[in-house]
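Letters go in sequence order (proteins before strands), and every chain restarts at 1.
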There are 2 protein chains.
Amino acid sequence: MTEKTYSISELSEEFNITPRTLRFYEDQKLIAPSRNGQTRIYSKKDRARLAWILRGKRVGFTISDMGKLLDLYYLEGGKVKQRELGLQNCQARIETLERQKKDIDETLKELRKIIEMFKNWKPYPDQDNAKI
Amino acid sequence: MTEKTYSISELSEEFNITPRTLRFYEDQKLIAPSRNGQTRIYSKKDRARLAWILRGKRVGFTISDMGKLLDLYYLEGGKVKQRELGLQNCQARIETLERQKKDIDETLKELRKIIEMFKNWKPYPDQDNAKI
DNA sequence: CTTGACCTTTACGTAAAGGTCAAGTATTAT
DNA sequence: ATAATACTTGACCTTTACGTAAAGGTCAAG
């Protein structure tokens, strides 16, 4: 049974990125698709890595951050040190993400306040201006 | 009663950014502190804008995004068009933020899975590998 | 009057994340 | 055979968000 594979344009269309981006990620050692001659062939595993990278990006990590994290994750060697490093890394990331969630919630609150202000706007100011 | 003001270094220390960053934001028209001679004097309002900018940044907006948003917010003119623009803008941002929250939640889930994998790592693979 | 701390502007430098050609190869369709 | 596609590598270009160095103003303390 031969696993499903993807061409560079298939994958880039699916994830709405350009081929250039995929080549760039390869350049940065984030993905290492196999080759048929010189043509890249992406496996399911490659696809999964890509999904991770892009999600990481969306929530504010750099691609080199993601590279390191993926490396730790896919590490074959189970040297205790490496595993601990991986754990610490993940935990640090979790903290960052949780702070970000709080930030987002606060920002959302304020945005909603602003929307109310826009909606309730009146041609003449009432006592409720000069708030910020 | 004279309102509290801040020097560039006070503000940069408080928010843990460099004075350069504050000057840069001014250059980009995000903040416009008043001056004593040529020395910048930041008001409470300036401080509030800064807080907004930084929070926006943390959750993935560019500083020019934040500039535009702040402009809409602080707009004195209540021209209907402008207000609608502001509303649309805010709503778009809210959607972005909510998508980001979902992303973060998913990422958190996966990070926690990975942590479990790191914790439960065993020298010989069991049937549970090759997952991603 | 000099030292130090803090401020200023101007201007070039840089890292990250790709975009944008250019020029060539390989496969497929007519 | 030739054109159209899809792929390749390389090289330089761009934007964002500041860093950093140069060169100097200002003001209080000793």
Side-chain angles (χ1 to χ4, degrees), chain A residues 4-43 46-47 49-71 93 96 100 103 107, chain B residues 4-43 46-47 49-71 93 96 100 103 107:
Chain A
K4 163 116 208 192
T5 60
Y6 312 81
S7 78
I8 192 166
S9 50
E10 272 172 12
L11 217 51
S12 60
E13 273 163 40
E14 178 179 353
F15 286 95
N16 209 29
I17 57 181
T18 67
R20 170 68 172 104
T21 299
L22 280 167
R23 296 193 189 104
F24 176 70
Y25 288 171
E26 186 173 347
D27 227 53
Q28 309 295 306
K29 317 286 180 194
L30 291 173
I31 311 182
S34 56
R35 302 278 179 134
N36 177 8
Q38 63 174 181
T39 303
R40 290 166 178 81
I41 298 176
Y42 295 88
S43 67
D46 293 325
R47 209 193 88 119
R49 283 182 76 105
L50 177 60
W52 252 94
I53 294 163
L54 296 177
R55 198 165 52 231
K57 267 200 43 175
R58 280 198 295 278
V59 298
F61 292 130
T62 69
I63 60 160
S64 87
D65 279 347
M66 292 314 290
K68 287 175 205 157
L69 181 53
L70 284 168
D71 282 353
R93 272 157 224 278
T96 308
Q100 277 196 56
D103 274 347
T107 308
Chain B
K4 162 116 208 188
T5 61
Y6 312 82
S7 79
I8 193 166
S9 50
E10 271 171 12
L11 217 51
S12 58
E13 273 163 40
E14 177 179 353
F15 286 95
N16 208 29
I17 58 181
T18 66
R20 170 67 173 109
T21 299
L22 281 166
R23 295 193 190 105
F24 176 70
Y25 289 168
E26 185 172 349
D27 224 56
Q28 308 296 306
K29 317 283 182 200
L30 293 173
I31 311 181
S34 56
R35 303 276 180 137
N36 178 7
Q38 65 174 178
T39 302
R40 290 164 178 82
I41 299 176
Y42 295 87
S43 68
D46 293 326
R47 210 193 86 120
R49 282 183 77 106
L50 177 60
W52 251 93
I53 295 163
L54 296 177
R55 199 164 51 229
K57 266 200 45 177
R58 280 198 295 276
V59 298
F61 293 131
T62 68
I63 60 160
S64 87
D65 279 347
M66 292 314 290
K68 288 175 203 155
L69 180 54
L70 284 168
D71 283 351
R93 269 156 227 277
T96 307
Q100 277 196 54
D103 274 349
T107 307

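Remark: A/Y25 is not in phosphate contact with C/dA17, judged by side-chain N or O atoms under 4.0 Å from OP1 or OP2. Within the 4.0 Å cut-off from OP1 or OP2 of C/dG18, at least one side-chain nitrogen or oxygen of A/K57 is found. For the OP1/OP2 pair of D/dG19 and a distance below 4.0 Å, the side-chain nitrogens and oxygens of B/T18 include at least one atom meeting the criterion.
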Could you list, one pair per line, each protein nitrogen or oxygen that sits under 3.5 Å from a nitrogen or oxygen of nucleotides 6-11 of chain D, together with the distance?
{"residue": "D/dC7", "atom": "OP1", "partner": "A/S7", "partner atom": "OG", "Å": "3.2"}
{"residue": "D/dC7", "atom": "OP1", "partner": "A/S9", "partner atom": "OG", "Å": "2.6"}
{"residue": "D/dC7", "atom": "OP2", "partner": "A/S9", "partner atom": "OG", "Å": "2.9"}
{"residue": "D/dT8", "atom": "OP1", "partner": "A/R40", "partner atom": "N", "Å": "2.7"}
{"residue": "D/dT8", "atom": "OP1", "partner": "A/R40", "partner atom": "NH1", "Å": "2.9"}
{"residue": "D/dT8", "atom": "OP2", "partner": "A/R23", "partner atom": "NE", "Å": "3.2"}
{"residue": "D/dT8", "atom": "OP2", "partner": "A/R23", "partner atom": "NH2", "Å": "2.8"}
{"residue": "D/dT8", "atom": "O5'", "partner": "A/R40", "partner atom": "NH1", "Å": "3.2"}
{"residue": "D/dT9", "atom": "OP1", "partner": "A/R35", "partner atom": "NH1", "Å": "3.1"}
{"residue": "D/dT9", "atom": "OP1", "partner": "A/R35", "partner atom": "NH2", "Å": "3.2"}
{"residue": "D/dT9", "atom": "OP1", "partner": "A/R40", "partner atom": "NH2", "Å": "3.3"}
{"residue": "D/dT9", "atom": "OP2", "partner": "A/R40", "partner atom": "NH1", "Å": "2.8"}
{"residue": "D/dT9", "atom": "OP2", "partner": "A/R40", "partner atom": "NH2", "Å": "2.5"}

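Judged by distance alone, the side chains of B/T18 and B/T21 do bring a donor and an acceptor atom under 3.5 Å apart.
Between the P atom of D/dT16 and the CG atom of B/D65 lies a distance of 10 Å, rounded to the nearest Å. Atom CZ in A/F24 sits roughly 17 Å away from atom P in D/dT14 (whole-Å rounding). The distance between atom CG of A/N16 and atom C1' of C/dG18, rounded to the nearest whole Å, is 15 Å. Note: CD1 (A/I17) to C1' (C/dA17) measures 12 Å, nearest angstrom. Atoms CE (A/M66) and P (C/dA16) sit 16 Å apart, rounded to a whole Å. Rounded to a whole Å, the CD1 atom of A/I53 is 14 Å from the C1' atom of C/dG18. Residue B/R58 contributes atom CZ, which lies 15 Å from atom P of D/dA17 at whole-angstrom precision. The CG-C1' distance, from A/L22 to C/dG18, rounds to 12 Å in whole Å.
Remark: side-chain polar atoms of B/D46 are paired, donor with acceptor, to backbone N or O of B/S43 under 3.5 angstrom.
Residues meeting the side chain to side chain donor-acceptor pair (under 3.5 Å) test with A/T5, sequence neighbours left out: none. With sequence neighbours left out, the side chain to side chain donor-acceptor pair (under 3.5 Å) criterion links A/R58 to B/D103. Annotation: side chain to side chain donor-acceptor pair (under 3.5 Å) contacts of A/E14 (sequence neighbours excluded): A/R47.
A cation-pi contact, defined as under 6.0 Å to the ring centre and within 45° of the axis, is absent between B/R49 and B/W52.
Ionic pairing of B/K57 and B/D65 is not present here: no N-O contact between side-chain nitrogen and carboxylate oxygen is shorter than 4.0 angstrom.
Contact annotation: the side chain of B/V59 never approaches that of B/T96 to less than 4.5 Å [non-hydrogen atoms, C-beta and beyond].
Pairs of Watson-Crick or G-U wobble type, with distances under 3.5 Å, assemble into runs of 3 or more in DNA chain D at these ranges: C:1-30 with D:1-30.
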All N/O donor-acceptor pairs, side-chain side in residues 23-33 of chain B, below 3.5 Å, sequence neighbours left out:
{"residue": "B/E26", "atom": "OE1", "partner": "B/R40", "partner atom": "NE", "Å": "2.5"}
{"residue": "B/E26", "atom": "OE2", "partner": "B/R35", "partner atom": "NH2", "Å": "2.9"}

